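This is a predicted model, so every value here is computed, not measured. A note on names: the letters A, B, ... follow the listed sequences, proteins ahead of strands, and every chain is numbered from 1.
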Amino acid sequence: VSVSATSLVSATSVRGWDHSVTYMFTSTHLRTVSMTFSAVSPEPEADGSVLFGHLRGTVVGLRYYTGVVNRGEMVGLVRQPQNQHDRNAVMVANIYGNQVGHIKRELAAAMAYVMDNNLAKVEGVVPSGTNNSFTMPVMLSFWGKEEHKATVNEFMARRGFKLNTSGSGGATDLHIVLSFQLRNSFDNLFEGLMESKDGEKEAAKAVGTPLLPHQKQALSWMCARENKSGLPPFWEKRGELYYNSLTCFSAKEIPERVRGGILADDMGLGKTLTTIALILTNFHQGKPLPVEKCVSVAVCYFFQHLIFFTLCLNNYSSCEEASVFLEDLDFAAALGGSATDTGVKKKKTAKKATPTIGEFETTLIIAPLSVLSNWLDQFEQHVHPDVKLNVYLYYGSARNRSKKFLSSQDVVITTYNVLSADFSCKSKSPLHGIDWLRIVLDEGHIIRNPNAQTSKAVLDLKAQRRWILSGTPIQNSVKDLWMLLAFLRLKPFDVREWWNRVIQRPVTLGDRAGVQNLQTLVKCITLRRTKTSEVNGRPLVFLPEKTVCVEQVELSRTEREEYELARNEGRNTIRRYVAEGTVLRNYADVLAILMRLRQHCCHPDLLAKTLSELGAGATPAELRERLIEKLRLVLASGSDEECSVCLDSVQLPVITHCAHVYCRPCIAQVISTEQDTARCPLCRSEIKTSELVEFPQEEVEEENTPNSEKWRTSSKVHCVHCRSDSSIVIVLLFTREHGFTFVRLDGTMSQKKRTRVIQEFQSTAADSPAIMLLSLKAGGVGLNLTAASHVFLMDPAWNPATEEQCIDRCHRLGQKRKVVVTKFIVKDSVEEKMVEIQRGKQDLVEKAFGSTNSDRKTSRIDDIKALMEL
DNA sequence: ACCGCCGGGTGCC
DNA sequence: ACCGCCGGGTGCC
């Protein structure tokens with residue numbers, strides 16, 4: 001346990017505190033949890049640990065410490081190897097890190113061995129709390145890797161501490177604790193629901209663009225989250241104390257509330273505008289940001305100097321200039337939103353006159369490079385033209401690194417990379433030396449990897465208020481959330497151990513209360529609307545109608561014959577793999593078979609190429625070529641986009657010689673931990689770092705135009721020809737051209753080229769391309785293709801969400817026309833099967849929380865069987 | 001009595 | 001700690 005350094009609370013006497021709670025739960029709940037343990041395969045991660053057993057121990061020396069604990073409270077156990085009385089000492093601390101006592105000597109000696117050798121993690125819960133001032137019992141649970149279970153249990157037993165492994169009987173205390181939490185989480189769930197988010201707030205007058213109702217709601221919610229001093233999730237007032245119902249921790253002081261949260265609205269709902277409105281509307285004490293009025297650049301410049309002199313000389317008085325001054329003041333006040341908000345004068349006075357120059361005045365916005373210009377545009381566009389807002393772009397080698405300068409700005413914008421680069425020389429990073437009023441992380445899910453340098457740099461910033469903007473905050477797994485909570489400083493979850501213990505592990509084990517707590521937690525700090533959300537029966541935003549129709553495609557006689565041939569061949573192969581139990585070992589081959597069938601459905605010409613490439617030939621260069629080709633197929637197919645190590649979507653994809661795709665860092669770690677004979681997690685073939693093949697950086701990007709004279713049509717393509725009129729997006733796996741001006745966007749393109757292509761397509765010029773060929777997985781969610789009103793999905797995706805995302809790129813804010821989506825599905829083919837699997841997948845999304853690695857493997861094999869009708 | 005018993009001093013690691 | 005443990009005072013029935 002790493003104990004949080006910030007001991008905000010020195011709790012005092014709550015000894016003997018009594019909760020009048022009826023224990024209405026039987027042992028069923030606990031049994032469910034324990035049974036789940038045995039079903040879970042051992043995982044290297046801490047949150048995949050298995051329970052070794054429980055042990056009742058004693059905490060001693062309570063009277064020497066101030067840390068106080070309640071009945072049922074979770075405690076941390078921390079080794080103190082430096083303790084001068086006993087190098088085996090194990091300290092007991094509450095959630096704020098305040099010491100409660102020590103584990104009794106003999107038990108501590110046994111635990112020290114186990115803990116120091118990383119054989120188990122030990123967690124504690126105090127069933128009775130502090131009843132007297134000397135000792136108290138503690139329920140210890142030992143968690144660790146399966147392979148250490150026997151060692152630990154034997155060792156402890158030899159020392160006279162027999163771990164209770166039955167899950168019942170002696171575990172009653174723990175069970176009571178669990179039930180306790182379950183009940184409380186129910187209560188809080190209702191509280192969370194009652195928290196109203198539907199008030200509206202008008203933006204300050206300095207915001208030049210009128211806000212839509214849902215944006216006013218968001219503004220109201222954000223202001224409330226910054227200003228109100230309510231209790232954070234899971235805290236309640238009990239008498240004189242504040243009590244956390246999850247950890248059962250209580251403290252005399254009011255727990256520090258997170259000032260900020262996650263704005264997780266769908267893209268297109270105006271997160272940027274709302275944030276700008278927040279900056280202008282909610283400065284100190286809930287008042288608008290004092291801004292300078294500025295009629296023209298020249299006046300503004302003059303005006304700034306005037307103020308400067310006024311304040312410097314203090315007794316400056318010139319009738320002529322004073323009158324200008326007053327006029328401007330009035331105007332500024334009017335812009336500020338109310339007569340008492342004395343724009344310029346107040347701000348400048350505050351800044352220059354008080355010793356706290358530049359403290360907590362500036363908002364720092366961190367965004368990916370690709371959206372920097374968007375922020376600048378939006379400030380330009382939405383800030384009232386007569387208002388001068390000091391926005392500084394902290395970017396480029398010539399950036400002004402003066403802390404004084406930066407903290408005198410209203411807004412500083414920078415990128416994650418710049419921040420991270422500055423952080424690497426931390427002492428010199430001006431960004432880390434400033435006390436920001438507010439930090440806004442745009443596309444905040446970028447920091448979801450806590451090991452990343454960028455994440456560390458972000459965590460180290462100081463601020464009063466913190467916001468995360470993200471359309472997809474937890475798309476992948478519960479794990480993603482931790483970093484966000486840590487950034488928001490949501491106590492106690494900003495400490496990894498507590499997060500794992502209270503949320504992460506229960507949720508991964510499928511514990512109901514855990515999932516509920518997670519939901520409550522998220523609900524309290526998140527505002528999320530989708531473009532289909534409604535307020536008072538009205539949709540949030542107006543979007544033109546969208547119709548989706550499925551077009552059944554009949555294959556021609558020859559196409560059908562070819563298809564059946566390929567299918568039978570493939571089916572035999574896969575049937576053999578299934579019988580041998582080697583489906584995963586031959587996964588690349590299986591994928592290739594499926595891919596071939598799907599290509600058959602789209603266009604016969606796609607095949608020849610792939611088939612010829614699968615021919616013999618084994619020089620290293622050829623092997624590499626083929627692996628790259630397979631990697632391309634895997635990435636394009638969307639069938640295997642998740643890395644089996646991290647279970648996230650693949651980042652920096654590499655392909656092994658056994659043709660399985662992983663994130664490079666993930667598989668590199670597997671190889672380094674397994675040392676001599678590293679094996680592929682999927683098929684157990686031997687793998688080496690030197691044999692990992694990456695996608696070539698810039699593939700021959702320009703024009704590999706195929707011979708158009710050889711081009712023949714296919715049934716599917718023919719269907720498209722019949723209905724092409726205005727600008728359309730054709731989403732497809734395999735890109736080819738015929739007869740239209742078109743642009744093409746796929747995953748292998750550089751960022752630069754993508755931008756150019758999108759600009760061309762979105763352009764209103766007469767000669768701009770009418771068609772975009774878009775590969776299914778290309779581009780981020782930010783892609784805006786509103787120039788198109790027709791979407792042709794040429795090839796079904798495995799994941800329905802992927803298709804949705806594609807459609808949403810053109811059915812989004814700014815779309816003026818009706819959107820027609822046509823999905824082409826070849827009758828009686830693998831494509832129809834895929835659609836069936838898609839339907840099933842949607843239910844699975846909800847269950848996915850609890851699903852394990854092996855579940856996913858099984859379901860993948862099941863999918864393949866279904867596709868091949870086996 | 002090289003014991004038992006009583007009662008005061010004392011008390012984490 | 002309304003305990004246990006220690007060690008001094010004490011000592012038959």
Side-chain angles (χ1 to χ4, degrees), chain A residues 1-7 9-20 52-144 152 155-164 170 172-174 176-177 247-252 492 495 497-498 501:
Chain A
V1 176
S2 67
V3 173
S4 162
T6 39
S7 301
V9 176
S10 65
T12 50
S13 58
V14 262
R15 291 161 198 196
W17 179 265
D18 187 63
H19 309 300
S20 47
F52 294 171
H54 306 290
L55 180 66
R56 195 184 160 101
T58 311
V59 188
V60 294
L62 304 187
R63 65 160 152 162
Y64 299 98
Y65 308 101
T66 50
V68 174
V69 283
N70 295 310
R71 172 185 196 165
E73 183 165 333
M74 296 180 175
V75 290
L77 301 165
V78 189
R79 279 280 291 116
Q80 284 186 324
Q82 303 302 328
N83 188 301
Q84 50 178 319
H85 304 280
D86 181 0
R87 57 183 181 80
N88 291 325
V90 177
M91 176 183 107
V92 179
N94 70 18
I95 228 145
Y96 272 19
N98 296 329
Q99 181 162 6
V100 176
H102 279 107
I103 293 292
K104 217 168 151 43
R105 195 182 205 106
E106 300 75 18
L107 177 54
M111 280 168 66
Y113 175 83
V114 168
M115 291 167 85
D116 293 349
N117 291 296
N118 265 329
L119 297 171
K121 274 189 180 29
V122 190
E123 295 178 354
V125 169
V126 286
S128 60
T130 324
N131 275 333
N132 65 54
S133 43
F134 305 100
T135 65
M136 70 178 156
V138 58
M139 278 306 297
L140 303 169
S141 32
F142 289 65
W143 299 80
V152 169
F155 177 82
M156 294 301 292
R158 248 199 335 270
R159 297 281 191 117
F161 304 103
K162 198 163 166 21
L163 263 65
N164 189 323
T172 340
D173 284 330
L174 182 73
I176 289 171
V177 169
T247 58
C248 296
F249 174 72
S250 70
K252 209 162 72 173
V495 174
E497 302 289 337
W498 294 109
R501 188 169 159 186

Item checked: d(CZ, A:Phe134; P, B:dT10) in whole Å -> 14 Å

Check: Do A:Asn98 side-chain atoms and A:Asn94 backbone N/O form a donor-acceptor pair below 3.5 Å?
Finding: no

Margin query: By a 5.5 angstrom centroid cut-off and a 30 degree plane limit, is there stacking between A:His102 and B:dC13?
Written below: no

Notebook entry, point to check: So A:His102 and A:Tyr65, would you call those rings parallel, tilted or perpendicular, with 30° and 60° as cut-offs?
Noted result: perpendicular

Item checked: Distance in angstrom units between A:Lys104 NZ and C:dC5 P, rounded -> 9 Å

Item checked: Euclidean distance, atom OH of residue A:Tyr64 to atom P of B:dT10 [Å, nearest integer] -> 12 Å

Item checked: Nearest-0.5 Å distance, CG of residue A:Leu55 to CE of residue A:Met139 -> 7.5 Å

Notebook entry, point to check: Would you say A:Arg79's side chain and A:Tyr113's backbone share a donor-acceptor pair under 3.5 angstrom?
Noted result: no

Check: Whom does B:dG11 pair with, Watson-Crick or G-U wobble, provided both distances fall under 3.5 Å?
Finding: C:dC3

Notebook entry, point to check: Which whole-number value in Å describes the distance from A:Met111 CE to B:dC13 P?
Noted result: 13 Å

Notebook entry, point to check: Any donor-acceptor pair under 3.5 Å between the side chain of A:Asn83 and the base of B:dC13?
Noted result: yes

Checklist line | Whole-Å distance separating the CG atom of A:Asn88 from the C1' atom of B:dC13 | finding: 10 Å

Item checked: Euclidean distance, atom CZ of residue A:Arg79 to atom C1' of B:dC13 [Å, nearest integer] -> 11 Å

Note to self: Distance check, rounded to the nearest 0.5 Å: A:Asn88 atom CG versus A:Ile103 atom CD1?
What the structure shows: 12.5 Å

Next item on the list: Give the rounded distance in Å between these two atoms: CD1 of A:Ile103 and C1' of B:dC13.
Entry: 11 Å

Notebook entry, point to check: Taking atom C1' of B:dG11 as reference, at what distance in whole Å does atom CZ of A:Arg63 sit?
Noted result: 5 Å

Item checked: Donor-acceptor pair under 3.5 Å, A:Tyr65 side chain vs B:dC12 base -> yes

Next item on the list: Write down the distance separating the P atoms in B:dG8 and B:dC13, rounded off to the nearest Å.
Entry: 26 Å

Item checked: Interatomic distance at C1', B:dA1 relative to B:dC6, whole Å -> 15 Å

